[in-house]
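Predicted, not measured: the structure shown is a model, and the values here were computed from it.
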Amino acid sequence: MSDNDNEKHSSDLRAGDGAETSSGQDEKDQEINLATFHEQRAGRLVLDPDYSSTNPALLLPTHREALAEFGPTIASKLKLSADGTKVLWPQPTDSPYDPQNWSNRKKHLHLFIITLAAIVPDFDSGIGIAAIFRLATQFNTTTTEINDMTSNWSIFLLGWGGLFAVMLIRRYGRLPILFWSQICALGFVIGCTFAPDLKTFTAMRCLNGFFGTAPQVTGLYVVTDLFPFHLQARKLNIWTMGFIISPFVSPFAFGFLVARANWRWAYGIGAIYGAIVCLMIVLFMDETMYDRGVFPIPEPAAEASKGGISYVRYRIETLVGITGYKMAKYRLSWTEAILSPLKVVWRPHLLIILIFEAMVFGFSIGINVTNAVFLGTPPPAGFGFSQFGIAGGYGTPIVAVLIGELIGRFNNDFIMNLSIKRNNGVFEAENRLWACYLAMPLYICGFVLLGASLQNHLSVGALIMGWGIAELAVMINTVAVYAYCNDCFPRHQGEISACINLARTLGGFSVAFFQVPWALKHGALQVFGVEAAIVVGLFFLSVPLIQIKGRSFREKYSM
C-alpha cells in the first residue's frame, strides 16, 4: 500500500442522492465527532471504506458493519487514503497546519530525525560497554564495578526520565521538550568525555540517561501525530528499530576505536553525534502536537502568520517553549499531567502486557551489558576474545534488528489486513498480538542456543546465531506491544510509551547484577534457559488472556 495518504478525498461512497434517514439516525450522526472518534472507540476502528449502497439487503457483511457504525450521512463525509482502500484515523481536518496533511517528504524527515534522536540515550549508554575494560583500568577498578555503578544505574534512569518527559510534553508540546532534553543529554555526554574520576563519570552517565530518554517517549507521539492508523505500525517499526539497535551500535563501532585509542575519544564521538541530532532538531523539526479535541482547533502557526510574526521568530519561540507555554491553557492541568501515567498504568490489559514486555526486553538488555564480559574473559569462564573480536561480535544484534524491521514491516501489515478481512472491515487491537506467536519460538531458540554456546564453548557461528535469533524475537515482539498499547489508549501515547520504556528498563537494569555470577556458578545454559522459560510462561499467562478478554477490558477500563 502506498504511503501517500496526504492526498485525501471525501468518501465517494455516497449514501445515495436524496436518501432519507430516520430522526434516530440523524441524532446518531450528530453524536459522532470525526475529529476524535478514533479516541472514543479505542482499540476498535472500522477501516474498510467500501460503502456501495444504502439498502442493507444488497450489502456485504463488511458494509453492514460500517453503516451500523456511522450511518450513511457520516459515511459520506469520511476521508480515505489516496488509493481509497482505508478510512483515515484520525480524520484529517482541511487545514494545512494539520500534521496529517503535511507532505510525505516532511513526515518522513520528522520520522528520520526522531529515530536518530531515539538512538541517542542507549547509544550513549552502550559506549560504556565498548570501553568497559579501559574504564576499569583508567579508574583502577573491576569491570563488574563499572557495570554496577555506571551501566546498570544509567539504564535504570532511562525509564524514569521518560515519565517526567511525558508530563512536560502534555503541557508544552513535543518539540521544546525534545530540544531541551537533547541539549542536556549532549552536555552530560561531554561531561563523560572529560570526567576526571569514577564518581564524576558515574554522575554524568546517569544524568545523560535520565535526560536523553525523551525521544523514546516523544517518538510514539510523533508517529501518531503524522501518520494515519493503518500506517502507524509500519512507522513504529522504524522508530522502535532505532532504540533497539542503538545499544549495539556503539559497542560495535567504538570497540575497534577503543582498541587503538583512548576511551575518551569514544565519548567525544558520541557527543558529536548528539550535537548533529540537536542541529537537525533545530533546523528541520516542527511541532507535531495538534489539539484536535479543542473547538475551534488552536493553530499557533496560523495566528503567528496573521499577527505579522516572522517565520524565524515563530520557529525560535516554538523550539524553546514560548509557544508551548501559551498553548498550555488548552491542555491538561499540572495535576492531570502528573497523575495521568498513574491513571493509565493499572489498567489490566496494559499492566499484564507491560509485565510480559519487561521480561522480554529486560533479559535482552542483560545480554547486551554482560556479553562483553563473557566474550572478553579468558577461558574457561569466557571466550577470551580480543577487543576487536568483542567489537565484531556486536555486529550480530545489529543485523538481527535490521532483519526484524524487514520482517515486521510486512508481518504487521499482513496481520492487520487479514484481521480486517476476517472481522467484517473492523480492526481490533488484540490482533496486533498475533506477532508475539512468531516471536516466542524464536526467543526460546535464541536464548537456549546462546546459553549453550557460552557454557560449552561452541563455535562462534553458534554464538552468533543464538544472539541474533534472540534479538530478532525481541524486535518483533516489542513492535507488536507498542502497536497494541497505542491502539488501546490513543489519547495517551506518551504515557503508554513512558510505561513501556520504564518496564523494559526496570526489567533489564538489574540483570547484569546477577547474570555473570550466576553463569559462573551454574553455567550460562541454565541462566539463559531459565530466562527464556520465564518469558514463555508469561506469554502463555498474558497474551491469550488479553486476546480473549481484551475487548471487555477495553470497554470497561480504557480511557
Spell out, as yes or no, whether a donor-acceptor pair under 3.5 Å connects the side chain of [X] to the backbone of [Y].
X	Y	result
T213	Q216	no
S181	I177	yes
N101	P96	no
E287	R174	yes
S246	F243	yes
T224	L220	yes
K107	L226	yes
S497	Q493	no
E336	S333	yes
E299	A301	no

Check whether any side-chain heavy atom of [X] sits under 4.5 Å from a side-chain heavy atom of [Y], and report yes or no.
X	Y	value
I420	V426	no
F361	I244	yes
V189	Y273	no
M475	N237	yes
I496	V344	yes
L111	T115	yes
K86	L80	no
R205	L157	no

Before accepting this row, confirm whether a basic side-chain N of the pair [X]/[Y] lies closer than 4.0 Å to the acidic partner's carboxylate O.
X	Y	value
R170	E495	yes
D286	R315	yes
D225	R292	no
E430	R551	no

Donor-acceptor side-chain pairing of [X] and [Y] below 3.5 angstrom:
X	Y	value
K343	H492	no
T478	E357	yes
Y290	Q100	no
N501	R504	yes

Quick one: [atom1] on [X] to [atom2] on [Y], what's the gap to the nearest 0.5 Å?
X	Y	atom1	atom2	value
M285	F179	CE	CZ	12.0 Å
T505	F156	OG1	CZ	8.0 Å
L231	N412	CG	CG	12.0 Å

Aromatic contact, [X] with [Y] (centres under 6.0 Å):
X	Y	answer
Y482	W239	yes
F489	H349	yes
F210	F164	yes

Practice problem: I would like to know whether V401 and E405 meet side chain to side chain contact (heavy atoms under 4.5 Å, CB included); could you show each step before the answer? | Solution: CA-CA 6 Å; V401 173; E405 197 283 331; 5.7 Å; no
Quiz prompt | Worked verdict on Y221 versus T288 for side chain to side chain contact (heavy atoms under 4.5 Å, CB included) | solution = CA-CA 8 Å; Y221 272 131; T288 63; 5.7 Å; no
Exercise. Apply side chain to side chain contact (heavy atoms under 4.5 Å, CB included) to the pair C488 and Y484, showing each step before the final yes or no.
Key: CA-CA 6 Å; C488 291; Y484 168 73; 3.4 Å; yes
Self-check item: Closest non-hydrogen atom pair between Q182 and A117, with its separation
Solution: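 Smallest heavy-atom distance, with atoms named: OE1-O, 4.2 Å.
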Exercise. Might you confirm whether atom OH of Y314 has over 12 heavy atoms from other residues, nucleotides or ligands at distances under 6.0 Å?
Key: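 Above 12, so yes.
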Exercise. Mind running ring pair (Phe, Tyr, Trp, His ring centres under 6.0 Å) on F123 and F248 for me, showing each step along the way?
Key: CA-CA 7 Å; F123 178 84; F248 310 121; over 10 Å; no
Practice problem: Please work out which of the three classes, parallel, tilted or perpendicular, describes the rings of H110 and W102, given edges at 30° and 60°. | Solution: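 Tilted, since the angle between the ring planes falls between 30° and 60°.
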Practice problem: Check each of W334, Y330, W180 against Y172 using the ring-ring contact (aromatic ring centres under 6.0 Å, His included) test, and report the only one that passes. | Solution: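 It is W334, the one option of W334, Y330, W180 that forms the ring-ring contact (aromatic ring centres under 6.0 Å, His included) with Y172.
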